[in-house]
**Q** 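The structure follows.
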Amino acid sequence: MFVISDYYLLGLTRSFYLLLTMRIVVVSLCLLIAFVVRRWSGNDYRVWLHALPLWVFATGIILIVPLRPESLSTQITAVAVATMGFYLLIPNRLTVVTAASLYLNIGFLVSAVLFAGLTPIGMLLLAVLLGMSNVVGFFALLRLERLQRKQYAMLYEERDQNRQLHNEIAHRQSLEEQLRIAAERDALTNLNNRGHFMKLAKGLLKRSQYEKVPFSLFMIDVDHFKSINDTWGHSHGDWVLTKIAGVCAESLRPSDVIGRFGGEEFVVALPNTSPSEAQMIAERLKMKVAELSSMEEMSKLNPSITIGVAATSADDVGLESLITRADQMLYVGKRGGRNQVVVCRDARSDSS
């Protein structure tokens, strides 16, 4: 843009070519530095590298005075505008901008005295004008940086509060989950406790009755559990309960629901399961528990279970009634020698 005015004022003279060369060098250096900053600087801020374009630009303005001393009056305006631009367009770098602005103003003032024959009065007026530009720009940038620091502090405080709030919400959700688990799970076996099992089983029974599909229920009792406690201690008895509970849970289908009914008794709800299918599942479960005897630490205990099974497809049968039937079959099995499955189909029963 300035080359056009240079050509209009100077024509194809030596001064024009010197100005053209100087402007090309300034623009090329600024572009090169911008490329270097983008390519190699990254997030690593280097003051000297980011300050170079200001010094190159300021040097280019200063060199215009010896090349075109007759244009001093127009260059004064350019220097004042450049000084304000340094301060206003490059925020958060007050030290760098101040140094570059002082270099531009002092260098321009010295060049004006040496090459443009500036008088002492003119030098004083020029120094006042440039000084005012620096003062206004300096305090404007200083105020802007203070406002930005205050805004950053407020933003950081807000983010910290949001982070604390997020952590508090996550902590409360964790506590709620722990309370929910404590309210629904048996502390020893990690199975559903009695209350939560009854809630789930009632829902499964109602759905089975609505869909008119069979529904079965197990009552499981660990054989000779009192003897285990008396012989090996209650801690060993608790360990046996957890092992049996784990085997039972792993042996059931995903749709089945198991819970600890109390003491050494467990209860299982099997939706969409006929009596014959329930008996097969119970036999498999009994066999899995018996296989625990192959474990070295279980070899002397020979753990076994007795299972009472009740099944129904009637619409008017409640969960409590099924539990009572299964419990009756359980005691039939215990009186019959334990380690067996006893099945009750509605009002009829048979054992195996």
Side-chain angles (χ1 to χ4, degrees), residues 167-205 216-271 278 281-282 284-310 318-320 322-324 326-327 329-331 333-334 338-339:
N167 293 336
E168 179 66 21
I169 292 174
H171 179 64
R172 291 189 178 185
Q173 290 176 342
S174 176
L175 290 178
E176 289 176 359
E177 181 65 17
Q178 294 176 18
L179 289 173
R180 185 189 65 80
I181 293 175
E184 297 177 353
R185 295 287 176 176
D186 176 65
L188 177 63
T189 62
N190 201 33
L191 300 178
N192 296 304
N193 59 27
R194 181 170 180 169
H196 190 56
F197 170 82
M198 296 295 287
K199 178 181 177 181
L200 296 177
K202 285 180 179 179
L204 293 176
L205 178 58
S216 298
L217 185 134
F218 293 171
M219 286 295 294
I220 305 171
D221 184 81
V222 179
D223 296 333
H224 305 294
F225 185 71
K226 185 177 184 302
S227 176
I228 295 175
N229 277 335
D230 293 341
T231 304
W232 302 93
H234 286 83
S235 60
H236 204 82
D238 290 344
W239 176 73
V240 171
L241 277 182
T242 58
K243 289 294 184 181
I244 294 177
V247 169
C248 292
E250 292 173 1
S251 302
L252 295 172
R253 302 167 302 181
S255 59
D256 301 333
V257 176
I258 183 172
R260 186 181 181 189
F261 202 69
E264 69 273 21
E265 290 186 339
F266 304 99
V267 60
V268 182
L270 302 97
I281 296 172
R284 183 177 71 241
L285 197 152
K286 180 172 71 72
M287 181 182 64
K288 290 288 185 181
V289 173
E291 289 175 356
L292 289 174
S293 299
S294 60
M295 299 172 57
E296 183 177 352
E297 58 270 25
M298 287 272 195
S299 59
K300 297 180 180 180
L301 299 175
N302 292 321
S304 64
I305 57 176
T306 301
I307 304 176
V309 183
L319 182 63
E320 290 79 5
L322 275 177
I323 291 176
T324 300
D327 199 44
M329 295 302 100
L330 177 65
Y331 280 97
K334 292 174 70 173
R338 296 184 172 87
N339 192 23

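Remember, predicted model here, so these are calculated numbers, not experimental data.
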**Q** Got a sec, which residues hit salt bridge (Lys or Arg N to Asp or Glu O under 4.0 Å) with Lys199, two or more places apart in sequence or on another chain?
**A**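 Result, salt bridge (Lys or Arg N to Asp or Glu O under 4.0 Å) vs Lys199: none returned.
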**Q** Sequence neighbours left out, what passes side chain to side chain donor-acceptor pair (under 3.5 Å) with Ser174? Give chain and number order.
**A**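 Side chain to side chain donor-acceptor pair (under 3.5 Å) check on Ser174 returns Gln178.
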**Q** A quick test of your reading: do over 12 heavy atoms of other residues, nucleotides or ligands sit less than 6.0 Å from NZ of Lys334?
**A**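 More than 12 within 6.0 Å, yes.
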**Q** Tell me, do Leu322 and Leu205 make a side-chain contact under 4.5 Å, heavy atoms counted?
**A**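 Leu322 reaches Leu205 side chain to side chain.
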**Q** Rounded at 0.5 Å granularity, tell me how far OG in Ser304 sits from CG in Leu292.
**A**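 Here the rounded value is 10.5 Å.
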**Q** With rounding to the nearest 0.5 angstrom, report the CZ to CD1 distance, Phe218 to Ile305.
**A**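 One finds 9.0 Å between CZ of Phe218 and CD1 of Ile305.
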**Q** Listed by chain and number, what are the salt bridge (Lys or Arg N to Asp or Glu O under 4.0 Å) partners of Glu184, not counting sequence neighbours?
**A**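 Result, salt bridge (Lys or Arg N to Asp or Glu O under 4.0 Å) vs Glu184: Arg180.
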**Q** Roughly how far apart are Asp221 CG and Ile244 CD1, rounded to 0.5 Å?
**A**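 Atom-to-atom, Asp221:CG and Ile244:CD1 are 9.5 Å apart.
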**Q** Keeping to residues at least two apart or across chains, list the side-chain hydrogen bond (donor to acceptor under 3.5 Å, both in side chains) pairs with something in residues 240-250.
**A**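 Output for this query is empty, none listed.
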**Q** So, do Val247 and Glu291 sit near enough that their side-chain heavy atoms are less than 4.5 Å apart?
**A**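 Not in contact.
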**Q** Dump the intermediate steps for side-chain hydrogen bond (donor to acceptor under 3.5 Å, both in side chains) on Asp223 and Thr306, then the final yes or no.
**A** CA-CA 7 Å; Asp223 296 333; Thr306 301; 2.7 Å; yes
**Q** What residues, two or more places apart in sequence or in another chain, satisfy side-chain contact (heavy atoms from CB on, under 4.5 Å) together with Ser227?
**A**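 With neighbours one apart ignored, the set is His224, Thr231.
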**Q** Drop me the distance from Leu200's CG to Phe197's CZ, to the nearest 0.5 angstrom.
**A**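 Between atom CG of Leu200 and atom CZ of Phe197 there are 8.0 Å.
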**Q** Begin with the C-alpha distance, continue with both residues' side-chain angles, and end with the deciding distance and a verdict on side chain to side chain contact (heavy atoms under 4.5 Å, CB included) for Trp232 and Val240.
**A** CA-CA 11 Å; Trp232 302 93; Val240 171; over 6 Å; no
**Q** Going through the checks in order, is the side chain to side chain contact (heavy atoms under 4.5 Å, CB included) test met by Leu285 and Ile220?
**A** CA-CA 10 Å; Leu285 197 152; Ile220 305 171; 4.2 Å; yes
**Q** Drop me the distance from Met219's CE to Glu265's CD, to the nearest 0.5 angstrom.
**A**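 Interatomic distance, Met219 CE to Glu265 CD, rounded to 0.5 Å: 4.5 Å.
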**Q** Which residue pairs satisfy the side-chain hydrogen bond (donor to acceptor under 3.5 Å, both in side chains) criterion with at least one member in residues 251-262, sequence neighbours excluded?
**A**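 For residues 251-262: Asp186-Arg260, Arg253-Asp256, Arg253-Thr273.
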**Q** Going through the distances and angles, do Lys226 and Glu264 end up as a side chain to side chain contact (heavy atoms under 4.5 Å, CB included)?
**A** CA-CA 9 Å; Lys226 185 177 184 302; Glu264 69 273 21; over 6 Å; no
**Q** Is there a donor-acceptor pair under 3.5 Å between the side chain of Asn192 and the backbone N or O of Ile258?
**A**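 Present.
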**Q** Evaluate Leu319 against Leu217 for side chain to side chain contact (heavy atoms under 4.5 Å, CB included), listing each step before the verdict.
**A** CA-CA 9 Å; Leu319 182 63; Leu217 185 134; 3.6 Å; yes
**Q** Considering all heavy atoms of both residues, which atom of Leu191 and which atom of Ala245 are nearest to each other, and what is their separation?
**A**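 For Leu191 versus Ala245, the nearest heavy atoms are CD1-CB, 3.6 Å.
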**Q** Verify salt bridge (Lys or Arg N to Asp or Glu O under 4.0 Å) between Arg172 and Glu168, making sure each step is shown before the conclusion.
**A** CA-CA 6 Å; Arg172 291 189 178 185; Glu168 179 66 21; 3.1 Å; yes
**Q** Starting at NE2 of His234, measure out to CG of Leu241 and round the result to the nearest 0.5 Å.
**A**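 Between His234 NE2 and Leu241 CG, I get 10.5 Å after rounding to 0.5 Å.
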